[in-house]
Amino acid sequence: MSQRTIIRFKQNVIETCDKHIKQFLKNSERQCEFVFLEEQLVTVVHIEEDEEITLNDVRMMAGNVSRALQNNKIAKAVIDEKELIDAFSLLNRERVITAFVEGWKLGSYRFMTYKSDDKYVKPELHIESVSNIEALIQQGELRAEAVNVSRDLMNEAPQDLTPKTFPEKIKKLFHNTAVNVTVFDEDKIKEMEMNGILAVNRGSKHKPAFVELRYEGDATKPLTALVGKGVTFDTGGISLKSGRNLSDMRMDMGGAAAVVGAMKLLAQSEASVNVIALIQIVENMPDNKSLLPGEVIKYKTGQTVQVGNTDAEGRLILADGLIRAGELNAKYIVNIATLTGAIHAALGSKLGGVFGDETLTFEMKKIGDENGDFVWPMPLVNDYDSYLKSDYADFSNISNKSEAGAITAALFLKKFVPSGAKWLHVDMAGVMESKEEGYYGNSATGYGVRLLADYTKHISK
Ligand code: BES
Ligand code: ZN
Ligand code: ZN
């Protein structure tokens, strides 16, 4: 049984467009078609009656519509709140409005920094309503803007986003905000014995950086540390990557970008949380000074690691972040990283994997189901711990078996989790990039921003 819902855009400022364009959005999960009728754009959404519609469907649809308008150079659309609410009558009205605005702004995102002709219109959305919906609209806008901050950072070309420029960009982003930024330079990193960061960055022409962001919306709330992997480019180092498209590896700072976006979202929405972001910034390069396979890294805690493979660098630098979270006495720690190809193989490109405290992983899954940053709980089984055995150090940074790669990476991280803290690890390697669909474009997804921000709010309730 198919029910037809029509969302009518009441009026459009149509600059140049073919009046008779009829577009079917092939990639859309819900079938959605656009028809221009006498200067009015009518969107027809086909919804199966027995289908369960989610807030993410609202976002995806809004994203499809705003991109279609952008492609047709339509600068403005006016939509009646009533039509929108009727179309998604089973969902909460307020959340539908926020989700629609969020999807709208995400859908028309374009990374234009390197295009010499910046000709895209950002279709403006006006929702006509008899009630005051300003706060709902603003929330949708803030969420999308924070995700787009992360997308901008991830999409940036690797000659312009380096361990030197990344901290500067972060400082600029939080200038004159409630977020305090501290950048540790190489000397300070040495003094703090962040030896994973120093080892991984040795082949880079840039100095490494460690960035701490603090936001105290409510200092009485439990301290949450968000730890992000910020590898501005991952060549693999001496264990050089080969084969596939290496230029994707400019996005190996996706975890750091998620953390930055989440801090932006939390601060801008004045969330009552007590949060600190810890970001390790390095470039993993082959060079005559590079970290060598076989080297041993001694961490501040005394733990020693045999470097079995310099391409498993993410866990080496995250270890320093986890140790730091312990020094700061964080009660909750969430780290996020483009950590393993194995998670991509296991879960594909539409959901990340989350490891750690079982109850918390399921709580996080629920949050992701609602906000669009999907995660699936993964088993953190100790039986695989023996795979990390080393002959001459405490353990190795790679598994000695070619299986369960995402789990062994998580088990490595677990060794550095300070006792007493509740910890989650999100592996987002599979979801860092998207193909055009819904509110996603052919570029970085900005995954994790909403997940980390909403999760932090959740545990601070
Ligand atoms: N940054 C990569 C993981 C990755 C792969 C991210 C694909 C995004 C897309 C990570 O540093 C890495 O190279 N991991 C290795 C680990 C291996 C050497 C144990 C991997 O997954 O192959
Ligand atoms: Zn790597
Ligand atoms: Zn990496």
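Indexing begins at 1, ligand by ligand and atom by atom, following the structure's order. Quick caveat, the model's predicted, so the values are computed rather than measured.
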task = State whether the number of non-hydrogen atoms from other residues, nucleotides or ligands found under 6.0 Å of K164 atom NZ is greater than 12.
result = no
remark   = Of all heavy-atom pairs linking D234 and L246, the shortest is O-CD2, 4.1 Å
request  = Answer with side chain, backbone, both or neither: which part of K229 has a heavy atom less than 4.0 angstrom from an atom of ligand 1?
outcome  = side chain
message = Testing the basics here: between S150 and G446, what is the closest heavy-atom pair and its distance to 0.1 Å?
response = OG-CA, 3.4 Å
query = Does an N or O anywhere in G341 fall below 3.5 Å from an N or O of ligand 1?
reply = yes
ask   = Which bit of D248 is near ligand 1, meaning a heavy atom under 4.0 Å away: side chain, backbone, both or neither?
value = neither
request  = Specify side chain, backbone, both or neither for R315, according to which of its non-hydrogen atoms lie closer than 4.0 Å to ligand 1.
outcome  = side chain
query = Would you call R324 and E327 a salt bridge, taking side-chain N to carboxylate O under 4.0 Å as the test?
reply = yes
key: Option with minimal heavy-atom separation from atom 1 (N) of ligand 1, where the choices are V200, I398, D252, V231   = D252
ask   = Any Lys/Arg nitrogen of R250 or E156 sitting under 4.0 Å from an Asp/Glu carboxylate oxygen of the other?
value = no
query = Just which atoms of ligand 1 are under 4.0 Å from any heavy atom in N309?
reply = 18 (C)
message = Please report whether ligand 1 has a polar contact with D311, defined as an N or O pair separated by less than 3.5 Å (distance criterion only).
response = yes
message = So if I count the atoms of ligand 1 from 1 in the order they appear, which ones are less than 4.0 Å from some heavy atom of K241?
response = 2 (C), 12 (C), 13 (O)
query = What N, O or S atom of D252 is found closest to the Zn ion (ligand 3)?
reply = OD2
inquiry  = At less than 4.0 angstrom from any non-hydrogen atom of M432, what atoms of ligand 1 do you find?
reply    = 8 (C), 9 (C)
query = Has R151 got its NZ or CZ under 6.0 Å from the middle of the six-membered ring of Y109, at an angle within 45 degrees of the ring axis?
reply = yes
Under 2.8 Å: N/O/S of K229 next to the Zn ion (ligand 3) = yes
request  = Output yes if D311 passes the N/O/S-under-2.8 Å test against the Zn ion (ligand 3); output no otherwise.
outcome  = no
ask   = Would you say D234 and ligand 1 have an N/O pair spaced under 3.5 Å apart?
value = yes
query = Tell me, which N, O or S atom in D234 is closest to the Zn ion (ligand 2)?
reply = OD2
query = Less than 4.5 Å apart, any side-chain heavy atom of K207 and any of P163?
reply = no
key: Residue E313 atom name (nearest to the Zn ion (ligand 2); N/O/S)   = OE1
query = Is there a donor in the side chain of D373 and an acceptor in the side chain of Y455, or the other way round, less than 3.5 Å apart?
reply = no
task = Verify the distance criterion only: is there a donor paired with an acceptor across the side chains of D287 and S290 at less than 3.5 Å?
result = no
Pick from H344, M249, E313: the one approaching atom 7 (C) of ligand 1 most closely through a non-hydrogen atom = M249
inquiry  = Salt bridge check, K188 against E191: does any charged N sit closer than 4.0 Å to a carboxylate O?
reply    = yes
